[in-house]
There are 2 protein chains.
Amino acid sequence: MDSIDRALLRALQENSSRSIADLAEIVGASSSSCHRRIKSLEAAGIITGYSALLDPQRLGLKLHAFVEISLESQSRTSMERFEAAVAGFDDILECHLTSGNADYIVRIAAHDLEHFDRIHRGCLSLLPGVSSMRSSFAIRTIKRGKGYPTG
Amino acid sequence: MDSIDRALLRALQENSSRSIADLAEIVGASSSSCHRRIKSLEAAGIITGYSALLDPQRLGLKLHAFVEISLESQSRTSMERFEAAVAGFDDILECHLTSGNADYIVRIAAHDLEHFDRIHRGCLSLLPGVSSMRSSFAIRTIKRGKGYPTG
DNA sequence: AGTGAAATGGACAAATA
DNA sequence: TATTTGTCCATTTCACT
């Protein structure tokens with residue numbers, strides 16, 4: 001992992017559909033070296049895959065919500081039951097266990113408030129062992145970076 | 001936007017480096033139709049780009065934090081000043097204005113607690129007009145979906 | 001279905017450390 | 001010495017028309 005690798009990762013996060021020749025020019029290396037570097041970054045598991053980025057607005061997903069969820073019990077079984085239920089719901093885009101007392105942060109995308117209400121009642125409220133939930137709606141996205149900083 | 005388009009978007013979010021022939025087989029359409037559909041989804045701005053996915057762990061970014069930030073004032077100028085400052089910091093991956101009284105949710109990736117402390121003191125605490133901040137650390141990621149549901 | 005571009009993989013010499 | 005890089009090379013796959 002040198003500065004050329006980092007530049008490669010930056011360029012590939014920003015746009016992965018460039019040709020290797022273009023990438024080589026951007027990072028200042030030869031095409032073959034570039035190709036080898038990408039292959040080893042993939043083999044090392046640093047690059048985990050390639051994905052198409054979609055515009056949620058144009059998919060009609062105009063509502064983003066962050067929901068903080070606390071469990072009644074922090075026992076291992078109740079957490080496992082909760083997490084298994086989360087995995088089953090497609091409307092839950094993301095879920096993290098956070099510091100504190102068995103709190104989770106969940107990210108939801110919905111078409112509108114009515115859809116969010118349906119998700120809330122037909123999905124979030126069905127999660128087992130929940131003691132409290134607090135929803136924040138994203139009114140406007142200030143910044144949405146593509147991926148991670150490479151240092 | 002029919003069911004084939006939605007299947008295409010699902011497949012492309014999951015893995016965008018498949019060949020068109022493979023995609024065609026997955027969604028049950030001909031290669032040429034598939035190709036045309038992808039081009040129009042791109043032209044319509046539904047597909048906004050393609051990106052490489054990186055493993056934050058292997059980049060040494062083992063600490064994920066969500067920081068809720070409240071401003072002292074909700075005036076337009078103080079919000080604009082805050083948002084401009086946010087845009088300038090690479091360590092802030094994501095920032096959303098959320099419902100409530102000028103609260104923001106910010107996402108941070110750091111190498112470790114010491115690095116987070118550096119970000120906290122050298123970046124977050126420099127943001128103008130902040131009245132309070134609350135950090136939650138992601139102990140474990142339960143679920144991280146690739147992109148959005150397509151319906 | 002055909003064309004052209006690009007990815008892939010290999011061989012070898014030069015450079016680097 | 002050992003590892004990495006750059007310049008060819010041939011093959012094949014694939015996007016695009």
Side-chain angles (χ1 to χ4, degrees), chain A residues 1-59 144-151, chain B residues 1-62 90 111 115 144-151:
Chain A
M1 273 289 275
D2 56 9
S3 65
I4 293 184
D5 280 327
R6 283 189 286 273
L8 254 180
L9 293 176
R10 232 174 295 131
L12 286 171
Q13 283 190 108
E14 208 229 354
N15 175 10
S16 67
S17 53
R18 279 188 270 243
S19 75
I20 294 199
D22 285 352
L23 286 168
E25 197 179 357
I26 290 172
V27 305
S30 73
S31 294
S32 65
S33 164
C34 213
H35 183 241
R36 272 191 295 251
R37 281 169 183 274
I38 293 172
K39 288 299 149 191
S40 31
L41 289 168
E42 287 170 359
I46 294 174
I47 297 176
T48 58
Y50 298 88
S51 172
L53 305 177
L54 308 188
D55 181 349
Q57 297 287 328
R58 308 217 188 201
L59 287 171
R144 183 178 11 163
K146 294 181 180 177
Y148 298 98
T150 54
Chain B
M1 274 289 275
D2 57 8
S3 65
I4 293 184
D5 281 326
R6 284 190 285 273
L8 255 180
L9 293 176
R10 232 175 295 133
L12 285 171
Q13 283 190 108
E14 207 228 355
N15 175 9
S16 68
S17 55
R18 278 188 270 242
S19 72
I20 293 195
D22 285 351
L23 287 168
E25 197 179 357
I26 291 172
V27 305
S30 72
S31 292
S32 59
S33 157
C34 213
H35 186 248
R36 256 179 292 118
R37 283 171 183 273
I38 293 172
K39 287 299 148 193
S40 24
L41 289 167
E42 287 170 359
I46 294 175
I47 298 176
T48 58
Y50 298 89
S51 171
L53 306 177
L54 308 188
D55 181 347
Q57 298 286 326
R58 308 213 188 205
L59 286 172
L61 298 169
K62 304 193 189 244
D90 285 344
H111 292 91
H115 184 208
R144 182 179 11 165
K146 295 180 179 177
Y148 298 98
T150 54

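Throughout, a chain's letter reflects where its sequence line sits, starting with A, and its residues are numbered from 1.
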Restricting both atoms to N or O, compile the protein contacts to nucleotides 6-12 of chain C shorter than 3.5 Å, with distance only.
residue : atom : partner : partner atom : Å
C/dA7   : OP1  : A/Ile20 : N            : 2.8
C/dT8   : OP2  : A/His35 : NE2          : 3.3

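Distance check, rounded to the nearest 0.5 Å: CG of A/Leu53 to CD of A/Glu14 gives 10.5 Å. Taking OH of A/Tyr148 as the reference point, atom CG of A/Leu9 lies at 13.0 Å (rounded to 0.5 Å). Atom-to-atom distance recorded for A/Ile38:CD1 and A/Asp5:CG is 10.0 Å, nearest 0.5 angstrom. Between the CD1 atom of B/Ile20 and the NE2 atom of B/His35 there is a distance of 4.0 Å, given to the nearest 0.5 Å.
The span of DNA chain D lying next to chain B, judged by atoms under 4.0 Å from heavy atoms, is bounded 5' to 3' by D/dC14 to D/dT17.
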What verdict does the side chain to side chain donor-acceptor pair (under 3.5 Å) test give for B/Asn15 and B/Ser17, after you've listed the backbone C-alpha separation in whole Å, the side-chain angles of each residue and the deciding distance to 0.1 Å? CA-CA 6 Å; B/Asn15 175 9; B/Ser17 55; 2.8 Å; yes

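A salt bridge links B/Asp2 to B/Arg37: one of the charged nitrogens lies within less than 4.0 Å of a carboxylate oxygen.
Summarising the geometry of B/Ser51 relative to A/Ser16, their closest heavy-atom pair is N-OG, 3.2 Å, with the distance given to 0.1 Å.
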